[in-house]
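Read the structure below first, then the notes.
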Amino acid sequence: ATLAQNFMLDKPVKGTTPKPAVAKPPGKPKFTPKKKLRLWVAGDSLVITPGYSIVRAAGGSPVIESVGGVDGQVATGLTRPDVFNWFEEIRTQVKKLKPNVVVLNFGGNDDKAYMTGLPEGVEIGDFGDAAWRREYARRAGGLMDVANRAGAHVVWIGLPQTRSQEQTARFDVVNAVVLKEARKREGKVLLLDPALFELPNFRMGALQMVLQQIALGGAMIALCGGST
C-alpha cells in the first residue's frame with residue numbers, strides 16, 4: 001500500500017495546489033455514568049448555602065459526582081492568608097480530589113484595604129485603588145490558574161447585592177476584578193451571577209441551568225447517559 005492509501009490522502013489534481021489540512025478543534029470531554037464529572041465546591045461563608053444546593057442537586061444526576069463536599073471556611077478570603085491560606089488549600093485539594101469543575105466563591109470578607117502576604121516591595125493603599133486591584137487580580141487569577149493547570153474548569157460565584165448600597169458598591173469592585181480575570185481565561189473560567197441561587201426550590205432544574213451556562217460560557221463539557 002502506498003503512503004497515500006495508508007493515510008487516506010486525496011491525490012492532488014494536476015495543476016492545482018493541495019489545500020493544507022485544517023486541524024479539528026478538540027472535542028468536549030464527555031461524562032457518563034461510568035465516567036462522572038467530578039465537582040468540588042470551596043470558598044468563604046457565602047459559598048456554603050449555594051454550595052450545598054449544588055451538591056444536593058448533583059446527587060440526583062447519574063453523571064455528576066460531588067467530591068470533597070463543600071469546603072466553606074467562615075471569615076476567610078484572599079486578602080488574609082495568615083488567617084486561612086486558600087492558595088495552599090486549593091493547590092492541595094485539586095491535586096487530591098482531581099475535580100473536573102471547581103465552584104468557588106470569595107470576596108465577602110475581602111472588601112477592605114488590609115492585606116497580608118504581599119510580595120516584597122508591594123504596598124496597598126485604599127480599598128479598590130489601582131494597587132489593590134492589581135494585587136487582588138493576581139490572587140484571584142492565581143487561584144484560577146492553579147485549578148486550570150490541574151485540569152479543572154472554574155465556576156466563580158459572584159458577590160451578591162445586599163441591603164447596604166455601600167457594601168454592594170464594594171462588592172461590585174471585587175466582582176469587576178474577578179470578571180476581568182475570568183475573561184482572560186475564556187473557556188476555562190466562568191463568573192456566575194449569584195442571583196441564580198435565589199431561585200425558589202433550587203433543585204435539579206437550577207443545577208441543569210448552571211451546567212448549561214458552564215457549557216455555553218466555557219464550551220467545555222458534554223454530559224451523556226442521563227438527565228442532568
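Looking at Val94 and Val102, their side chains come closer than 4.5 Å, going by heavy atoms from C-beta outward. Using a 4.5 Å heavy-atom cutoff, the side chains of Thr76 and Val74 are not in contact. Side-chain contact between Val41 and Val47 is present, with heavy atoms from C-beta onward closer than 4.5 Å. Met115 is listed as a side-chain neighbour of Arg139, based on a closest heavy-atom distance under 4.5 Å. Proximity of Val173 to Asp111: side-chain heavy atoms (C-beta onward) are nowhere separated by under 4.5 Å. Here the side chains of Ile64 and Val101 are not in contact, with every heavy-atom distance at 4.5 Å or above. Contact check for Glu135 versus Pro119: side-chain heavy atoms found under the 4.5 Å cut-off. Two residues are said to be in side-chain contact when any heavy atoms from C-beta on lie closer than 4.5 Å; His153 and Val189 fail this criterion.
Tested against Trp156 for a side-chain contact (heavy atoms from CB on, under 4.5 Å), the candidates Leu190, Val103, Leu191 yield a single pass: Leu191.
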- Message: For Met144 and Glu181: C-alpha separation, side-chain torsions, deciding distance, then whether side-chain contact (heavy atoms from CB on, under 4.5 Å) applies.
- Response: CA-CA 8 Å; Met144 297 173 186; Glu181 291 303 303; 3.9 Å; yes

- Message: I'd like to know whether Arg183 forms a salt bridge (Lys or Arg N to Asp or Glu O under 4.0 Å) with Glu186, so could you lay out the CA-CA distance, the side-chain angles of the two residues, the decisive distance to 0.1 Å, and finally the verdict.
- Response: CA-CA 5 Å; Arg183 285 176 172 169; Glu186 184 177 357; over 6 Å; no

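Enclosure of atom NZ in Lys112 by more than 12 non-hydrogen atoms of other residues, nucleotides or ligands within 6.0 angstrom is indicated.
Stacking of Arg80 on the aromatic ring of Tyr114 is not recorded, the 6.0 Å distance cut-off and the 45° axial limit not both being met.
Looking at Ser61, its side chain never comes within 3.5 Å of a backbone N or O of Ala57 through a donor-acceptor pair. Using modelled atom types, one side-chain atom of Asn175 and one backbone atom of Leu159 make a donor-acceptor pair closer than 3.5 Å.
Between the side chains of Asp110 and Thr79, at least one donor N or O lies within less than 3.5 Å of an accepting N or O.
Cluster membership for Val83 and Tyr136, using ILVMFWY side-chain heavy atoms within less than 4.5 angstrom, is not shared.
Here Thr168 pairs with Gln161, Thr162, Asp172 under the side-chain contact (heavy atoms from CB on, under 4.5 Å) rule; sequence neighbours left out.
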